[in-house]
Amino acid sequence: MNVTIPASGRPDRRAATLVMACLGVFVAYLPVTTVAVSLPAIQSALNASTAQLSWVQDAFVLPMAAFILTAGVFGDVHGRKKVFLAGLLFSAVGAAVALSAQSVHVLWIGQAFAGLGAATLLPTTLALISHAVPDHRERGKFIGLWATALMAALAVGPLIAGVILDHAAWRWIYLVSVPVPLIALGFAARLLPDSRAPHGRKLDWPGQLTAALAITALVYGVIEGGAGSFTDVKVMVALFTAVVGGVAFVLAERRSDSPMLDLTLFRSPAFTATTLVAMITFLALIGFFFLLSLYFGLVQQLDTLQAALRLLMVTGAAIVVGQPVGRLMHRVAPRVLITGGLLVISGALFSLTGVDSGTSFASIAWRLALLGLGIGTVLTPMTATAVASVPYQQAGMAAAGNNAFRQVGGALGPAVLGALLSTKALDTLPGHLTDAGVTGATQRNIVATADADGLGAVAHMSLGADTGRALGALSDSFLDGMRLCLVVAGSLTLLAALVCVLLLRRPGQASSAPVASAHTAATATAGTPKAAVAAAVDPSPNR
């Protein structure tokens with residue numbers, strides 16, 4: 001991208017904003033896939049159960065989902081530079097805590113700080129770019145680079161983890177995430193200009209508190225219910241609390257004069273459809289990636305770098321398809337693109353039910369690439385339609401709301417599918433052990449260990465001559481659970497496609513909208529009309 005620098009030097013400041021924004025979003029998303037491919041190593045080192053391992057992911061995603069809307073408002077009110085610097089600091093602190101973790105509980109704390117940092121960085125980086133580049137046509141180039149940095153973090157995270165885990169313990173995967181945000185913080189403090197919403201917004205504390213309560217209680221209840229029983233008192237209390245918190249959030253937002261999420265947005269069928277599609281799709285996909293990392297480690301016995309190369313098939317394909325889909329939005333209705341992409345995702349998930357412990361890289365690679373193509377096809381029109389389907393003044397809030405619901409789905413994914421995996425695998429494990437010739441006290445010991453400490457704990461048991469047969473039975477039971485989860489995930493994406501068909505009856509504004517960037521799927525800004533693009537990259541509706 002060529003930038004002409006006049007004597008005023010203003011583009012220097014603009015370039016600094018772009019660099020800081022790209023670095024900020026890279027820092028925010030780097031832990032997502034870095035940790036995902038490291039889960040088997042983390043489970044082995046910390047003796048974590050499957051439910052505890054689910055919380056490693058959810059401890060990051062929950063703060064991101066719960067605080068992303070508030071972070072945007074906080075930046076509007078108190079200044080985006082301050083919030084950006086705080087996000088970098090939270091990310092560095094989270095990585096430092098995780099780096100020093102000697103237990104899974106301390107790791108949760110580190111992940112939570114990193115998730116809070118991500119929630120703070122995501123809306124702030126976009127708002128800073130919006131302020132630095134007022135021309136919406138030129139802004140598209142900057143947003144494209146921002147989105148490329150986001151996708152780069154998702155793509156290189158597993159590779160970084162793979163290289164590190166070949167030579168060091170799992171905790172060193174966080175090493176990069178300590179100095180990078182601190183260095184960025186030092187440069188940003190000197191070079192980054194500040195901005196805030198001209199008219200300001202009020203902080204919606206009742207909405208924030210009730211949303212955080214509802215989301216946390218819901219995910220906790222699902223994880224603990226799947227690991228134990230949904231009739232357990234603490235699980236029932238958690239789910240009841242989630243319902244009460246959700247109702248309280250709705251009431252708080254309806255009464256607020258400055259709501260965190262204006263509920264009138266849901267009067268738009270297109271916004272409602274794309275929000276439901278985002279939540280359902282991310283529940284299925286993030287849950288699937290959680291299972292896939294366990295499959296590569298526990299069943300195929302791959303090291304982290306080998307697993308990372310396989311996951312790169314998904315992210316790489318999603319990046320490649322982004323630009324063609326952006327161009328297609330000029331001519332093809334978003335309803336067609338979203339539905340078609342969801343059907344491709346469903347087909348890829350159902351095709352993966354045919355894998356087993358001996359499936360080759362070539363055989364699984366085309367399935368993962370197909371999944372990536374579907375993801376790349378869905379994200380851009382889905383988020384563009386959400387923003388374009390509401391009045392101009394609410395476009396920024398619509399973008400943030402759609403992203404928040406994605407994160408809620410992403411938080412529920414490992415919880416829901418992890419619970420299904422554990423339940424199904426434990427149900428079939430005794431039968432597979434019997435078929436393998438492992439019976440009596442040895443079988444009871446294996447089943448009890450798997451039930452108490454998770455399936456991965458069986459791989460570390462000292463079973464003598466029964467070791468090979470027991471591990472084979474463990475792989476078979478895991479595959480039974482994974483196939484059930486793939487069927488559920490594929491069915492969920494089919495449900496999302498049905499929602500899209502039923503609610504997106506008209507193509508809507510996004511079908512003929514100019515595209516801001518080929519890769520702005522993750523930013524909720526691509527493919528919107530000019531006014532909506534301007535609003536989408538600034539979380540405040542009162543710019």
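Model, not experiment: these values are computed from the prediction.
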**Prompt:** For Thr428, what residues pass the side-chain hydrogen bond (donor to acceptor under 3.5 Å, both in side chains) criterion, not counting sequence neighbours?
**Reply:** Asp480

**Item:** Side-chain heavy-atom pair Val277, Leu342 within 4.5 angstrom cut-off
**Value:** yes

**Shortest non-hydrogen separation from Leu426 to Pro430 and the atoms involved** = O-CD, 3.3 Å

**Flag, side chain of Thr467 to backbone of Gly464, donor-acceptor distance under 3.5 Å** = yes

**Message:** Using 0.5 Å steps for rounding, measure from the SG atom of Cys485 to the CG atom of Leu292.
**Reply:** 12.0 Å

**Asked** Who are the side-chain hydrogen bond (donor to acceptor under 3.5 Å, both in side chains) partners of Arg310, not counting sequence neighbours?
**Response** none

**Message:** Take a 6.0 Å sphere around CH2 of Trp366 and say whether it holds more than 12 heavy atoms from other residues, nucleotides or ligands.
**Reply:** yes

**Message:** Within this structure, what is the CG-CG distance for the pair Leu479 and Leu486, rounded to the nearest 0.5 Å?
**Reply:** 10.0 Å

**Prompt:** Rounded to the nearest 0.5 Å, how far does CD of Gln102 lie from CG of Leu46?
**Reply:** 8.5 Å

**Message:** Could you check whether any side-chain N or O of Arg335 sits under 3.5 Å from a backbone N or O of Leu503, counting only pairs where one atom can act as donor and the other as acceptor?
**Reply:** no

**Prompt:** Between Glu253 and Leu261, is there a donor-acceptor pair closer than 3.5 Å when you use the side chain of the first and the backbone of the second?
**Reply:** yes

**Prompt:** If you measure from CE on Met279 to CG on Leu412, what distance do you get to the nearest 0.5 Å?
**Reply:** 7.5 Å

**Heavy-atom check, side chain of Leu498 versus side chain of Leu494, under 4.5 Å** = no

**Asked** So, Gln301 side chain and Leu298 main chain: donor-acceptor pair closer than 3.5 Å or not?
**Response** yes

**Side chain Arg171, main chain Ala98, donor-acceptor under 3.5 Å** = no

**Item:** Partners meeting side-chain hydrogen bond (donor to acceptor under 3.5 Å, both in side chains) with Arg469 (sequence neighbours left out)
**Value:** Asp466

**Message:** Counting only heavy atoms not in Phe240 (residues, nucleotides, ligands), do more than 12 fall under 6.0 Å from its CZ?
**Reply:** no

**Message:** Determine whether a donor-acceptor pair (N or O, by modelled atom type, separation under 3.5 Å) exists between the side chain of Thr210 and the backbone of Gly207.
**Reply:** yes

**Pairing residues for Asp476 by the side-chain hydrogen bond (donor to acceptor under 3.5 Å, both in side chains) criterion, not counting sequence neighbours** = none

**Message:** For Leu474, is there any backbone N or O sitting under 3.5 Å from a side-chain donor or acceptor partner on Ser477?
**Reply:** yes

**Item:** N/O donor-acceptor pair under 3.5 Å between Thr33 side chain and Leu154 backbone
**Value:** yes

**Close side-chain approach of Leu433 to Thr439, heavy-atom, < 4.5 Å** = no

**Asked** Is there a side chain to side chain contact (heavy atoms under 4.5 Å, CB included) between Val56 and Trp108 once you walk through the steps?
**Response** CA-CA 6 Å; Val56 172; Trp108 292 345; 3.8 Å; yes

**Message:** Suppose the criterion is side chain to side chain donor-acceptor pair (under 3.5 Å): which pairs have a residue in residues 153-169, not counting sequence neighbours?
**Reply:** none

**Leu107 side chain reached by Trp170 side chain, heavy atoms, under 4.5 Å** = yes

**Item:** Student check: side-chain heavy atoms of Phe90 and Leu121 closer than 4.5 Å
**Value:** no

**Asked** With respect to Leu159, which candidate in Ile164, Thr34, Leu305, Val37 satisfies the side-chain contact (heavy atoms from CB on, under 4.5 Å) definition?
**Response** Leu305

**Request:** Could you check if a side-chain atom of Pro158 sits within less than 4.5 angstrom of a side-chain atom of Leu312, using non-hydrogen atoms only?
**Result:** no

**Prompt:** Above 12 or not: heavy atoms from other molecules or residues under 6.0 Å from CZ of Phe249?
**Reply:** yes

**Item:** Euclidean distance, Leu116 CG relative to Phe60 CZ, rounded to 0.5 Å
**Value:** 10.5 Å

**Asked** Does any non-hydrogen side-chain atom of Leu492 lie less than 4.5 Å from one of Phe288?
**Response** no

**Item:** Note, Gln52 side chain near Gln43 side chain (heavy atom, < 4.5 Å)
**Value:** no

**Atom pair CG (Leu495) and OG1 (Thr281), whose distance is rounded to the nearest 0.5 Å** = 9.0 Å

**Asked** Is there a donor-acceptor pair closer than 3.5 Å between any side-chain N or O of Ser360 and the backbone N or O of Ser363?
**Response** yes

**Fill in**
Residue pairs passing the side chain to side chain donor-acceptor pair (under 3.5 Å) test with at least one member in residues 337-356, sequence neighbours excluded, are Ser346-Thr493, Asp356-Thr359

